[in-house]
2 protein chains.
Amino acid sequence: MTMQQVAAEAGVSVSTVSKVLNGRYGVSPATSQHVMGVITRLGYEASLVARSLRNRRTNVIGVLVADFEPFSTEVLKGAADAIRDSGFELVAYSAGGRVDEHVGWERRYLSRVMGTLVDGAVLVTPTVTDVQYDGPVVAVDPHTGRSSLPTVAGDNLQGARLGVDHLIGLGHTRIGMVTGRPDLVSAQLRERGFREAHAAAGLDVDESLLALGAFETEQARVAAHRLLALPEPPTAVFAANDLSALAVLEVARERGLDVPGDLSVIGFDNVPESALSDPPLTTVEQPIRRMGHDAVALLLGLLDGAPVADTQLTLPTTLVTRRSTAAPRPA
Amino acid sequence: MTMQQVAAEAGVSVSTVSKVLNGRYGVSPATSQHVMGVITRLGYEASLVARSLRNRRTNVIGVLVADFEPFSTEVLKGAADAIRDSGFELVAYSAGGRVDEHVGWERRYLSRVMGTLVDGAVLVTPTVTDVQYDGPVVAVDPHTGRSSLPTVAGDNLQGARLGVDHLIGLGHTRIGMVTGRPDLVSAQLRERGFREAHAAAGLDVDESLLALGAFETEQARVAAHRLLALPEPPTAVFAANDLSALAVLEVARERGLDVPGDLSVIGFDNVPESALSDPPLTTVEQPIRRMGHDAVALLLGLLDGAPVADTQLTLPTTLVTRRSTAAPRPA
DNA sequence: CTGAAAGCGCTAACAG
DNA sequence: CTGTTAGCGCTTTCAG
């Protein structure tokens, strides 16, 4: 169904149809009425693509994600909250998880959709630092290195302190960590928080107790196995995100360990899924939805001509105590 | 960044760049090499929109949703599971919740994106029955009335029976229901299950105990208030989905009611959020993720030339007992 | 092997 | 008030 066909059906030219569709002046009420009728009858709707190619503004905001998983979909919910009644539409774009092909998927996505399909974009956990796109772009949980982009993130350092302090407060002294994606500031700060918490408590960090989980289930499982197979395994594990923590829980169960009896596990993010596990996961909450909301709000501001100031929003984190942590079994 | 600019930079024509980009024959290795270099150096990526307009296939699957909320994002996660390693990309499109403007957003979306932006689409809880689009389209949790589309849905009738039987088994006889969106088969079947469970137990349904929640938080809150303000209020409420159940929980708390002491509440869906409430929600689980997965798998088959048979997938539901239901307080 | 030119569906000048 | 026309960025014949 093209505008051509509508025009033919209505017995007018395409430009007339276009004018009617966009409420432009210069069409007689009669013609307008008639064309409108044909449009409705045929259920015609202008192709987003053709329109995008021609117009500068599309009134569509893009959310670019590596994959649809608990974190990115929470961001999406927040983005939806912010977009409602703004007159904008939302497109979420994912390469289907095939991101390892090249790092820098976000730059590729960006050039594919910016300027045509979308007016602006929010990048969720981008992998590269040099995404200095000229258009309006906001990053959520950004890559390490100073990107020139406005960013929104949780307070990862304080959050990690919260989590590890909780473990230490419970009496744990031998604490493992499944670390996150090394290229993200969030992961780095969480590890730093882990170390600072130890230092503050006068504890040494045993480097063999750190294992790379990379924010990925499989990788985290491998890391957990390594940690738990140690001659002197940790009595508690701080996972850099909930996905990893859930993987640790799984591995612990496979190895016949009781959580929290034999092993305490704490995550980071508080994605909704974290409450579904058995036992429910103690975790550090990060206001993900709000991060998505604020990112879009920021973007909408940018689109509205706000200066691309060096905005770096940091949202507070809190401890959510559920049942995967407890005092260590006395020796 | 356009192909023009790349061509200029490389000192060749746009058609040559296009050929190189798409690996077409008829370019000398030297030229190809050189152009490739320029492309990489400039970080050029072809505009999705321009390419879509010209090509028949885009290798992109669309998921069309009314809004990004817990249900649709679960479907999205499942869709992502199915798309991985298929070579397709995923675009989720939402009008930003402004769906009440017109019913039939899905038909409008469809004509906007089908044939250009996406090769096929998954419709999540469409509002109209006559979405007989000729292209490859699959509906998840479809509208009432026999649509000619392949559909994927949970076993709503059995699920509702499960939920209400649980309440009755606990000893409740005065059970309210916050009903769903009347135009969806899912909502109708859940109500039918509610009635059948009563009949099977020899209980009468008090019609004043049914209130329209429409799968919406606000509407569900109103419904809950009406139900709980009744002279003889129900001792248990079956909500047509978790969103509504969560609203009931909220209202109960506002009215000073203890759940499950004064009121048992059961939901439907088991979205991850349902475990986060206080108390955690007892609910009927529907394999939403799998529904998204299967819908995309179906679509991929269609795209691959499978016949558009009258496929109606129905996935089983199960009861998830958490802490929002208990026996009624003895009178 | 390379480039010029047409056209995908639409909008915006510009003529009539 | 209406229609003709020139592109938006790209792919694809078709000549050179």
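No experiment lies behind these values; they were computed from the predicted model shown. Note that these values count all heavy atoms, side chains included, but never hydrogens, waters or copies made by symmetry. Reminder, nothing fancy here: chain letters follow the sequence lines and each chain counts from 1.
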Q.
Given the structure, check if the side chain of S15(A) and the base of dG3(D) hold any donor-acceptor pair shorter than 3.5 Å.
A.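 Donor-acceptor pair under 3.5 Å: yes.
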Q) For the base of dG9(D), is there a side-chain donor-acceptor partner from R54(B) under 3.5 Å away? A)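 For R54(B), whose side chain was compared with the base of dG9(D), there is no donor-acceptor pair (under 3.5 Å).
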Rounded to the nearest angstrom, tell me the gap between atom [atom1] in [X] and atom [atom2] in [N].
{"X": "Q4(A)", "N": "dC8(C)", "atom1": "CD", "atom2": "P", "value": "8 Å"}
{"X": "N55(A)", "N": "dA6(D)", "atom1": "CG", "atom2": "P", "value": "20 Å"}
{"X": "L53(B)", "N": "dG9(C)", "atom1": "CG", "atom2": "C1'", "value": "6 Å"}
{"X": "M3(A)", "N": "dA12(C)", "atom1": "CE", "atom2": "P", "value": "10 Å"}

Distance below 4.0 Å between [X] side-chain N/O and [N] OP1 or OP2:
{"X": "R51(B)", "N": "dG9(D)", "result": "no"}
{"X": "Y25(A)", "N": "dA12(C)", "result": "no"}
{"X": "T116(B)", "N": "dG9(C)", "result": "no"}
{"X": "T16(B)", "N": "dT2(C)", "result": "no"}
{"X": "S47(B)", "N": "dG9(D)", "result": "no"}
{"X": "N22(A)", "N": "dT11(C)", "result": "yes"}
{"X": "S28(A)", "N": "dT2(D)", "result": "yes"}
{"X": "T2(B)", "N": "dC8(D)", "result": "no"}

Q.
Using C1' atoms of five pairs at each end, report the bend of the helix from dC1(C)-dG16(D) to dG16(C)-dC1(D) rounded to 10 degrees.
A.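 For the helix from dC1(C)-dG16(D) to dG16(C)-dC1(D), the axes at opposite ends meet at about 50°.
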**Q.** Side chain of P29(A) - closest among dC1(D), dG9(D), dG9(C)
**A.**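 When the side chain of P29(A) is considered, dC1(D) is the closest of dC1(D), dG9(D), dG9(C).
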(Q) Considering every strand and a 4.0 Å limit on heavy-atom distances, what is the contact class for T31(A): base, sugar-phosphate, or nothing? (A)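 Since only primed, P, OP1 and OP2 atoms lie under 4.0 Å of T31(A), the category is sugar-phosphate.
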